[in-house]
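For reference, the structure is listed below as structure tokens.
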Amino acid sequence: MPLLTARRTRWIRGATCSALLAASWACGNQTLVASAPTARANAVPIAPLPPLGLSVVDAPISYALAPLLDALERAVPKKFGDITHRMVIASNTRQAVAFEATRTPFQVSFDGKKVILSSIVSYQGRGWYKPPLAPTVSASCGTTGPQPRVHIVLGIDAELTSEWSLKTRSRVRTIRAESDTPRDACKVTMFHLDVTDRVLKAIRPQIESRLPGVDRGIAEFDIRSRMDRWYNLLNKSIHIHDSLWLVLAPQQVRLGELRMTDSALVADIRLYARPVMESGPRPPRVHTPLPPLIRAVREVGDSAHLRLEGRLAYEDANSVLAAQLVGRSISRYGRSVKVARIRVYPLSDGRIVLAVGVTGDIIGDAYLVGTPSVDSVTHTIAVPDLDFDVNTANALVRGLAWLRKADLVAQLRDNARWPLDGVIDAGRKQVEAALNRELAPGIRLEGHITTGHIVGVAVLPRYLIVRADATGSLGLSLDREIETPRRGGRNK
């Protein structure tokens with residue numbers, strides 16, 4: 001071939017190729033070169049969420065009744081009266097009585113919210129009568145054979161005051177003969193003198209005079225400092241995982257009901273808290289003054305409110321995308337590329353980047369950016385605004401422009417999704433496991449969490465955070481009762 005003809009042929013081929021390139025028809029593979037995206041200035045990476053409502057931590061507090069009963073046993077003598085001490089009857093000065101009694105230990109029962117104590121008093125009695133013109137005569141009962149009996153019933157009302165003291169009111173409910181049979185009557189019929197009635201009237205003031213001292217002693221017991229300690233245990237930072245902490249942050253205290261269970265007085269205490277999740281180093285320990293105790297309006301047992309955080313690591317997000325997209329081909333105008341690799345990583349402005357490596361008619365890396373959000377229909381994390389970054393868009397010119405018209409962006413939007421259920425459930429299990437723990441010897445926090453609705457997604461340097469509001473129940477389990485003070489001892 002003549003030299004001129006060969007040169008002309010090469011020139012025609014080059015011109016043809018250049019013309020086709022200008023018309024976005026490339027000759028052979030082309031290289032895509034684009035700079036990686038950068039974060040937008042002054043963007044807020046994590047949008048603040050509205051505060052949660054107050055949570056309820058149920059804390060049934062038990063008060064041991066055994067020391068209280070011991071105090072009553074000590075205060076009310078087991079033996080009282082003197083058979084030799086005559087008590088003149090005010091309504092008839094010619095008559096006098098004397099008695100001597102022994103009681104059994106108090107037996108405990110419950111009547112609603114009251115402690116009921118009962119005892120049987122056995123006694124011997126004697127009556128004297130001085131006739132106008134005759135010597136004094138007397139008669140007795142119970143000095144030989146079975147003694148008459150008296151049934152004593154005491155009632156104790158208890159309450160917690162607003163200043164965290166246990167206030168009791170002990171009183172005599174009934175004093176009566178054990179039965180209406182002759183066995184339990186002490187009557188001297190020849191004098192028309194009913195010693196039974198006189199004995200009952202004499203026993204009552206001896207018991208009633210001792211009860212105020214018992215109530216005063218119980219009121220001196222320091223419950224407040226114990227409750228302050230328990231209350232502030234909820235200020236302890238609970239480690240969830242990595243650098244995530246849960247602080248329950250107690251706010252208020254309410255009293256539900258007082259009830260009797262077995263040998264204890266149980267106060268249904270309701271602690272109101274506002275749990276918060278904090279990332280980073282362990283939050284500093286704080287001390288919150290114990291607030292006054294106020295009656296609860298509703299029943300104890302309302303829900304706890306927590307905000308869960310599920311974490312999707314970018315490595316896991318990459319694995320999901322790679323399984324769906326690597327190897328997929330996208331075609332347009334007779335040209336095609338294949339997804340060779342894909343990687344997702346964060347920007348510091350709340351957006352994520354999809355770096356997509358392609359081969360085929362175009363070789364290189366395209367960058368797409370978008371803001372992840374929750375798709376409530378598919379229950380996934382999606383990126384609905386995903387699109388080419390400005391640097392990639394500017395690079396897709398001339399022979400590369402056809403890629404912008406291909407369905408790469410649409411396919412990436414459809415497939416850049418991550419299921420939420422496993423992420424949130426893993427976060428729920430971690431929080432629930434962290435909640436069920438011993439806060440101090442004998443004091444255990446117990447919690448059960450039910451996932452609520454998802455409220456958002458946040459982009460962090462190491463993972464995507466999925467945030468959800470959850471409900472459940474929280475409680476303090478205390479395996480030690482509060483004891484009322486014992487004589488000569490210390491509170492425990």
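Side-chain contact between Leu347 and Val353 is present, with heavy atoms from C-beta onward closer than 4.5 Å. A heavy-atom distance below 4.5 Å is not found between the side chains of Arg295 and Arg254. Two residues are said to be in side-chain contact when any heavy atoms from C-beta on lie closer than 4.5 Å; Leu476 and Leu271 meet this criterion. Side-chain contact between Ile116 and Arg173 is present, with at least one heavy-atom pair separated by less than 4.5 Å. For the pair Ile120/His151, a side-chain contact is recorded, criterion being any heavy-atom separation below 4.5 Å from C-beta on. Contact check for Arg311 versus Val423: no side-chain heavy atoms found under the 4.5 Å cut-off. Using a 4.5 Å cut-off on side-chain heavy atoms (C-beta onward), Tyr463 and Leu312 make no contact. Residues Leu408 and Phe388 meet the side-chain proximity criterion, which asks for heavy atoms closer than 4.5 Å.
The CG atom of Asp268 sits 7.5 Å away from atom CD of Glu257, with the distance rounded to the nearest 0.5 Å. In this structure, CG on Leu368 lies 5.0 Å from CG on Leu386, to the nearest 0.5 angstrom. To the nearest 0.5 Å, the span separating OH on Tyr345 from OH on Tyr314 amounts to 11.5 Å. We find the CG-CG distance between Leu246 and Leu244 to be 8.0 Å, quoted to the nearest 0.5 Å. Between the NE2 atom in His287 and the CG atom in Asn232 there is a gap of 4.0 Å [rounded to 0.5 Å]. Summarising the geometry, atom CG belonging to Leu255 is positioned 10.5 Å from atom CD1 belonging to Ile61; distances are rounded to the nearest 0.5 Å.
With respect to Asp385 and Arg413, no salt bridge is recorded, no charged nitrogen being found less than 4.0 Å from a carboxylate O. Using a 4.0 Å cut-off between charged side-chain N and carboxylate O, Arg216 and Glu220 make no salt bridge. Classification of Asp157 and Arg171 as a salt-bridged pair holds, one side-chain N sitting under 4.0 Å from a carboxylate O. Classification of Asp375 and Arg417 as a salt-bridged pair holds, one side-chain N sitting under 4.0 Å from a carboxylate O. Under a 4.0 Å N-O distance rule, the pair Lys429/Asp425 qualifies as a salt bridge. With respect to the salt-bridge test (charged N to carboxylate O, under 4.0 angstrom), the residues Glu73 and Arg103 qualify.
Distance alone, capped at 3.5 Å, is enough to place a donor-acceptor pair between the Asn436 side chain and the Gly447 backbone. A donor-acceptor pair under 3.5 Å links the side-chain atoms of Ser55 to the main chain of His305, judged by distance alone. Remark: side-chain polar atoms of Asp215 are paired, donor with acceptor, to backbone N or O of Ser170 under 3.5 angstrom. Of the possible donor and acceptor atoms, none in the side chain of Asp349 sits under 3.5 Å from a partner among the backbone N and O of Ala39. Using a distance-only test at 3.5 Å, with no hydrogens or angles considered, no donor-acceptor pair links the side chain of Asp389 to the main chain of Val369. Arg270 places no side-chain N or O within 3.5 Å of a backbone atom of Asp58 that could act as its donor or acceptor partner. For Trp164 (side chain) and Pro291 (main-chain N/O), a donor-acceptor pair under 3.5 Å exists by modelled atom type. Looking only at distances, no side-chain donor or acceptor of Arg229 sits under 3.5 Å from a matching main-chain atom of Ser225.
The aromatic rings of Trp245 and His239 lie tilted to each other, with the angle between the two planes from 30° to 60°.
In this structure, Arg169 places its CZ atom where only 12 or fewer heavy-atom neighbours from other residues, nucleotides or ligands lie under 6.0 Å away.
Under the side-chain contact (heavy atoms from CB on, under 4.5 Å) test applied with Leu325, the options Ile330, Leu412, Val356 reduce to a single match, Leu412.
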